[in-house]
Amino acid sequence: MALTTRRDIYRYGEMAPDHKVILEAETKNGRMPVAWTRVHNGTRIFHVALGYADEMESPAYRQMVRNAVFWVTNTKPPAPKAPAKKVED
């Protein structure tokens, strides 16, 4: 997945050793996580350090958040809807 931002990226300190990075940013200081997951005491956690309005308009951003909601709630997404049938005259 690729997202583009021109905004500053929040810098993290020490991360939990069991976190799983799902999105990184390339910065002048190297790579850094901007979205990650973790299971802590049986609770699923998702964190994303992006959230400016222009970033949230990205289809890739929205898909990542949608997927995260299903992962955090441990549910399956609904089956895709079948395309509407073409009505011929």
Side-chain angles (χ1 to χ4, degrees):
M1 171 186 337
L3 295 171
T4 302
T5 186
R6 303 234 185 275
R7 312 288 186 160
D8 291 331
I9 302 295
Y10 181 81
R11 250 181 227 295
Y12 294 100
E14 191 88 16
M15 301 281 292
D18 60 345
H19 77 282
K20 180 180 177 188
V21 175
I22 59 174
L23 183 65
E24 291 182 320
E26 285 282 344
T27 71
K28 62 183 177 184
N29 299 316
R31 296 181 87 122
M32 55 191 323
V34 292
W36 51 264
T37 61
R38 179 175 182 224
V39 177
H40 179 69
N41 293 332
T43 301
R44 292 177 173 215
I45 300 166
F46 167 75
H47 175 82
V48 62
L50 302 171
Y52 289 99
D54 56 330
E55 295 165 341
M56 290 189 280
E57 292 173 6
S58 161
Y61 179 92
R62 290 178 183 214
Q63 186 63 52
M64 177 180 62
V65 172
R66 188 177 303 116
N67 291 345
V69 168
F70 290 115
W71 182 80
V72 166
T73 59
N74 200 20
T75 57
K76 291 184 179 183
K81 294 180 182 178
K85 290 188 177 186
K86 199 177 204 183
V87 177
E88 296 185 28
D89 295 325

Side-chain atoms of residues 75-83: list all donor-acceptor pairs with protein atoms under 3.5 Å, sequence neighbours left out, distances to 0.1 Å.
{"unit_1": "Thr75", "atom_1": "OG1", "unit_2": "Thr73", "atom_2": "OG1", "d": "2.9"}

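- Under the salt bridge (charged side-chain N to carboxylate O under 4.0 Å, His left out) criterion, no residue pair touches residues 39-49, with sequence neighbours excluded.
- In this structure Thr43 satisfies the side-chain hydrogen bond (donor to acceptor under 3.5 Å, both in side chains) test with no other residue, sequence neighbours excluded.
- Scanning for salt bridge (Lys or Arg N to Asp or Glu O under 4.0 Å) contacts around Arg66 gives an empty result, with sequence neighbours left out.
- Shown here for His40 and Ile45, the closest heavy-atom pair between the two residues is CB-CD1, 3.7 Å.
- Listed by chain and number, the residues in a side-chain hydrogen bond (donor to acceptor under 3.5 Å, both in side chains) with His19 amount to none (sequence neighbours excluded).
- In this structure, Arg38 CZ and Lys20 NZ are separated by 15.0 Å, a value rounded to the nearest 0.5 Å.
- Both Tyr61 and Val72 belong to a common hydrophobic cluster when Ile, Leu, Val, Met, Phe, Trp and Tyr are linked at side-chain heavy-atom distances under 4.5 angstrom.
- Looking at residues two or more places apart in sequence or on another chain, you find a side chain to side chain contact (heavy atoms under 4.5 Å, CB included) between Ala35 and Ile22, Leu23, Phe46, Val48, Met64.
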